[in-house]
Each structure stands twice: as C-alpha cells, then as structure tokens.
Colleague: 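Take a look at this one; I'll ask things after.
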Amino acid sequence: MKCRRCRAPAVIDIRRHNAAFCRDCFLRHCREQVRRAIDDFRMIQPSERVLVAVSGGKDSLGLWHLLRGLGYDVDGLYVGLGIGEYSDESGRFARAYADEHGGKLIAVDLRDAYGFDIPDGSRVAHRAPCSACGLSKRYVFNDAAIAHGYDVVATGHNLDDEAAVLFGNVLRWETEYLGRQHPVLPAAPGFARKVKPLVRLGERELAAYCVLCGIDYIVEECPMAVGNRHLGYKESLNAIEERSPGTKAAFVAGFLERAQPLFVSEATEARADLNECVSCGAPTPGEYCAFCRMRARAVGEPIVVGSAR
Ligand code: Q46
Ligand code: ZN
C-alpha cells in the first residue's frame, strides 16, 4: 500500500476516498479537510477567538490540535459532568493536553458552578442523562463563550456523528432539528456562533490523527451512552458504510446541499422572538430557560431570579 500523494509506504487507507496516505500526507489531509470545511461554510475568520469544547476524547483534542495547526487563536473549555471515573479520567486527559501543548483550558465543574451533576441531576429532574447532559453542555459552552469574549464555539462533532444525528432526525422527521443541523449555527443576541470543523473527517481518521500526533485521549466511552439511540444509529450506518464506502459523506453532504435549506425557516422561527430568562438572562421562548428549569428541579429548589449567573 503506497501513499497516494508521495508514493511512500502508507500507514492508513481511507476507503471512502479510495486512497492511502503516509503519516505526513495523512496529517496534511486532515488539516486540509478542516481548512476546507472552515472555508466552505465560513466558520471562522482569521482574527477571531475560538473556544473549543474539550471532552478529553479524540475528536475534541484532535480538533484543538488541528485548529492550532491552522493558526487559529484557540482555547479549550472543559465541563466536569460528574460522571464518576469517566469524568475524572477525561478531565485528566484534557488538562494533560493543555499542559503539554501550552493551551489555555477553562474548566467549569457543573456541581461546583450549578449545584448538580449529570447522574444525580438527571435522575431527580426526570430527564434522560444524555438529554440533561446535552442541555447543560450547550448552556455552559455558550455562557462561557459570551462571558469570556470568544467569537465562536467549536465542537468536535465528526462526520460519523453528523450522519448519525441526521439519520435519527430523518427517521423521526424532526423538521426543526433538520433546519438547525448545519456546520454553522450563526450568532444571535445571547448566542455565540457554533461551528463543527470536523464535519469532513470520520471517527477513524480522528483516532489515527491523534495517535500519529502523539495526543493521548480517553478511549473509554461515557458509561451513560450505553444503549442510547445515537449509538444504534451509528452501528446501522457503519454496516451500510462497510458495504458501500462513502455513503455517510454523501448522506451528510447531499443533505446540506439539497435538503437542509428547505427546513431553515422552521428553525429560524423557533429562534425568533426570544425573551431573556428571568433567572440567568439567556435567550428563551418562555419565562425561564430550559437549563434554569432543569437546574431548579435537579437541586430541588425554586428558580431564583438572577441565580444561575
Ligand atoms: S457525555 Fe453526556 Fe455524552 Fe455521556 S451523558 Fe450522554 S451526552 S454519552 S457526548
Ligand atoms: Zn436561565
């Protein structure tokens, strides 16, 4: 197996590109995919400050490394979710990367900052752990970006993630989510811009990128992911991809090009006419934002005006 670019011995083959690469050409390929995604979707301007949501896994640490390699001004944000040993470990990997590579890492511990963690909070609030977790992370990323003056929040969602989320949204015809499923969610009053620069790279490529760059990352999956729908969608898509490489990339790219614009108005309507949460000031369609409502249930206290920020 030879590298497609330089004919040196290859270290990885990527079936959907029908190509193999040596180490250096593969790293270049990864940077190139990220650069193309950023340019195609106008994700980040060169002078902007970027906050990467870091979980300690291959995607987020790989993203931090790739963005730095492309010359962006990037810091990391780690949210301590309180998911036992998994959170302790993932925090260690995030801090170790920041120490080793001289990156600035902002850490927010959910329990210290907001009084609950994901396992207890989701149980008490009667919410599925991943739903409570997703809501909390989105809230904390946005809040931290605005509080610290970042222009954009970058998350490590890769091609496999995007394909699985799209698959789920299509199976249930979640039209509002489909309208919002885009590599860039523009800024709006109270919302920082959100971008997904890894949308052109698969999970396996990210793992290989980290290994070849010597980036240590947490390999264990979050224990709360076991049996969730998202994993089931990934497995189904993997089976399809195995038989016909390139399906996931075509699915996501075709959606973004031909179908996503049809659903945009629904998502925009849902974002219009928002009020400020009476408790924390975050944008919300109601009186209190979903995070403050969940937090109040999780900590077993009434929502206090001005309590969360
Ligand atoms: S961390 Fe949180 Fe994931 Fe764990 S609880 Fe679910 S959403 S699975 S990315
Ligand atoms: Zn609120």
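What you see is a predicted model; the values in this text were computed from it and never measured. Just so you know, ligand 1 is whichever comes first in the structure, and atom 1 is the first atom listed for that ligand.
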Colleague: How many degrees, to 10°, between C292 SG and C289 SG as seen from the Zn ion (ligand 2)?
Modeller: 110°
Colleague: Quick check with a 6.0 Å cut-off and a 45 degree axis cone: is R293 positioned over the face of Y288's six-membered ring?
Modeller: no
Colleague: Considering atom 4 (Fe) of ligand 1, could you give the total of protein N/O/S atoms lying closer than 2.8 Å?
Modeller: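 Considering protein N, O and S only, atom 4 (Fe) of ligand 1 has 1 within range.
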Colleague: Look only at the side chain of E241 and the backbone of T247, and say whether a donor-acceptor pair between them is shorter than 3.5 Å.
Modeller: yes
Colleague: Can you list everything that forms a ring pair (Phe, Tyr, Trp, His ring centres under 6.0 Å) with Y78? Sequence neighbours excluded, please.
Modeller: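 None.
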Colleague: Using 4.0 Å as the upper bound for N to carboxylate O, is an ion pair formed by R92 and E85?
Modeller: yes
Colleague: Do R193 and E48 meet the salt-bridge criterion of a basic N to acidic O distance under 4.0 Å?
Modeller: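 Answer for the salt bridge query: yes.
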Colleague: How close does the nearest protein non-hydrogen atom get to atom 9 (S) of ligand 1, and which residue and atom is it?
Modeller: K137 NZ, 3.4 Å
Colleague: Looking only at atom types and distance, does a side-chain atom of R23 sit under 3.5 Å from a main-chain N or O of L212, one as donor and one as acceptor?
Modeller: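 Confirmed, R23 side chain pairs with L212 backbone.
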Colleague: Does the ring center of Y217 lie less than 6.0 Å from the ring center of Y97?
Modeller: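 Not under 6.0 Å, so no.
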